[in-house]
Amino acid sequence: MNGRRRLLVGGVPTTRITRAELAGMMVEDCLQARAGALTQPLIIISSNGAVIADFHANRAFREMVLEADIIDADGMPLVMATRLLCREPLSERVATTDFILDASAAAAREGLRFFFLGAKPGVAQTAADHLLDQYPGLQIVGIRHGYFDREDEAAICEEILAARADVVWIGLGSPIQESFALRNRARLSGVAWLRTCGGMFDHYSGKFHRAPLWMQRNGLEWLYRTFNEPLRLGRRYLGTNLPALFYLATQTSDAPRPKHVSRADADVRSHR
Ligand code: UDP
């Protein structure tokens, strides 16, 4: 374990960490990887209502989630549930669309290299241009769209290694991004972090806007997103919100790991 406290949030072992701490950890891990002290990249993913619902509904997805080194909480309802049910609640929400800003500032300062993988052709480039404007000195050393076949993955990993990326941001949606990270982790030795990021490239390409702050703070960002994409997200949230609420109410506690994972299993998996 990395000494970071994990809580069970809706049954998912979620790391208790702030955005600033996570950015600091990213810098530290990149320096370690460059020094050869990390044998393979760490996998950092986010939990939210959809992840919680899927974690319980789909065993293959659950196993992938349990392999992650850090699971941060990308959803205000998760933070609220821990405030009600845990002695030491989650410190704050780590929304990926916010965390990329902390990470970019730290990367520009420390000379870390990012690779963007995902979204439709051109989208991640527009997102990169936006971040480069905001963080002069940021190095985005490779960009590739997210529509490819399994056979292309070896070549994509070679491209990432040739670019000497420290952090690969993987925005392929769940569960494609988690399975890509796990399947290719061993091929990407030398990279420090594989960080899943969902629709983050779309967001920073200007396609969508964030919900007003009052909605973000009150756990209503999902409602705002549904108004923007009613068909796709309406269907998703209908299927996931109720189960997520149920698991948040019944499986949120200070315990560090889910009941169905043995201590031995969990210790092997959670080497951080
Ligand atoms: N995507 C991709 N390859 C695929 C399927 C999806 O690159 O094979 C991208 C898609 O273009 C979008 C992102 O993955 O940019 C999925 O975003 P979504 O909103 O579903 O993720 P969330 O943020 O909700 O996890």
Side-chain angles (χ1 to χ4, degrees), residues 1-4 6 13-47 64-74 94-118 124 127-128 131-132 135 137-144 146 153-172 177-198 200-201 268-272:
M1 295 288 275
N2 58 358
R4 286 276 151 216
R6 283 189 177 208
T14 307
T15 310
R16 189 169 178 275
I17 195 162
T18 64
R19 284 163 45 189
E21 288 165 344
L22 191 59
M25 191 178 278
M26 177 190 76
V27 171
E28 213 176 283
D29 290 336
C30 289
L31 299 180
Q32 294 264 325
R34 285 184 182 185
L38 276 185
T39 48
Q40 56 179 3
L42 304 173
I43 296 179
I44 291 77
I45 69 171
S46 296
S47 180
M64 288 197 286
V65 167
L66 292 172
E67 291 285 339
D69 297 283
I70 294 180
I71 305 173
D72 58 41
D74 185 353
V94 181
T96 305
T97 39
D98 293 326
F99 176 63
I100 181 70
L101 306 180
D102 305 305
S104 296
R109 196 175 58 238
E110 306 287 340
L112 307 180
R113 295 182 286 267
F114 285 175
F115 192 105
F116 283 181
L117 174 64
L131 291 168
L132 291 168
Y135 300 97
L138 176 64
Q139 298 179 61
I140 300 176
V141 293
I143 297 176
R144 200 194 186 286
E153 292 185 358
I156 293 173
C157 290
E158 275 171 30
E159 198 181 323
I160 292 169
L161 291 176
R164 296 192 300 128
D166 297 298
V167 177
V168 186
W169 294 83
I170 307 172
L172 304 172
Q177 54 194 12
E178 289 82 5
S179 70
F180 176 91
L182 273 169
R183 197 165 49 245
N184 292 290
R185 192 208 276 251
R187 278 181 177 148
L188 289 170
S189 170
V191 172
W193 267 26
L194 304 179
R195 173 59 157 104
T196 60
C197 62
M200 189 268 283
F201 301 128
V268 170
R269 288 185 182 125
S270 316
H271 61 280
R272 285 185 57 94

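Throughout, numbering of the chain's residues begins at 1 and tracks the sequence.
With sequence neighbours left out, the side-chain contact (heavy atoms from CB on, under 4.5 Å) criterion links Glu21 to Arg4, Ile17, Thr18. Residues passing the salt bridge (Lys or Arg N to Asp or Glu O under 4.0 Å) test with Arg183 are Glu153, sequence neighbours excluded. With sequence neighbours left out, Glu178 forms a side chain to side chain donor-acceptor pair (under 3.5 Å) with Ser174. Listed by chain and residue number, nothing satisfies the side chain to side chain donor-acceptor pair (under 3.5 Å) test with Arg109 (two or more places apart in sequence, or in another chain). Scored by the side chain to side chain donor-acceptor pair (under 3.5 Å) test, Thr97 finds Arg210 as partners (sequence neighbours excluded). Residues passing the side chain to side chain donor-acceptor pair (under 3.5 Å) test with Ser47, sequence neighbours excluded: none.
Side-chain contact annotation: Asp72 with Thr15, donor-acceptor N/O pair under 3.5 Å absent.
Here CD of Gln40 is found 9.0 Å from CG of Leu38. Values are rounded to the nearest 0.5 Å. Going from atom CG of Asp98 over to atom CE of Met200 covers 11.5 Å, rounded to the nearest 0.5 Å. Between the CZ atom in Phe201 and the CG atom in Leu172 there is a gap of 8.0 Å [rounded to 0.5 Å].
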Exercise for the section: With side-chain contact (heavy atoms from CB on, under 4.5 Å) as the test, would you mind laying out the steps for Leu194 and Ile45 before giving the verdict? Expected result: CA-CA 8 Å; Leu194 304 179; Ile45 69 171; over 6 Å; no

Handout entry: Pair Leu42-Gln32, side-chain contact (heavy atoms from CB on, under 4.5 Å): steps then yes or no
Key = CA-CA 11 Å; Leu42 304 173; Gln32 294 264 325; over 6 Å; no

Practice task
Begin from the C-alpha positions of Thr196 and Phe180 and carry the test side-chain contact (heavy atoms from CB on, under 4.5 Å) through to its verdict.
Solution key: CA-CA 10 Å; Thr196 60; Phe180 176 91; over 6 Å; no

Practice task
List the steps and the verdict of side-chain contact (heavy atoms from CB on, under 4.5 Å) for Ile100 and Thr96.
Solution key: CA-CA 6 Å; Ile100 181 70; Thr96 305; 5.5 Å; no

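Within the 4.5 Å cutoff, the side chain of Cys197 has no heavy atoms near those of the Phe116 side chain. The shortest distance between side-chain heavy atoms of Leu22 and Asp102 does not fall below 4.5 Å. Between Leu112 and Met26, some side-chain heavy-atom pair lies under the 4.5 Å cut-off.
Closest non-hydrogen pair, Gly198 versus Gln177, comes out as N-OE1, 3.0 Å. In this structure, Ile143 and Phe115 approach most closely via the heavy-atom pair N-CZ, 4.1 Å. In this structure, Ser46 and Arg195 approach most closely via the heavy-atom pair OG-NH1, 3.2 Å. Ala33 and Gly190 get closest at one heavy-atom pair: CB-O, 3.8 Å. Counting all heavy atoms, side chain and backbone alike, Pro13 lies closest to Ile71 at O-CD1, 3.2 Å. Closest non-hydrogen pair, Gly118 versus Ala124, comes out as O-CB, 3.8 Å.
Between the side chain of Arg19 and the backbone N or O of Val94 there is no donor-acceptor pair closer than 3.5 Å. Between the Asp69 side chain and the Ile43 main chain, a donor and an acceptor come within less than 3.5 Å of each other.
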All N/O donor-acceptor pairs, side-chain side in residues 161-170, below 3.5 Å, sequence neighbours left out:
from   : atom 1 : to     : atom 2 : distance (Å)
Asp166 : OD1    : Arg34  : NE     : 3.0
Asp166 : OD2    : Arg34  : NH2    : 2.6
Asp166 : OD2    : Arg113 : N      : 2.7

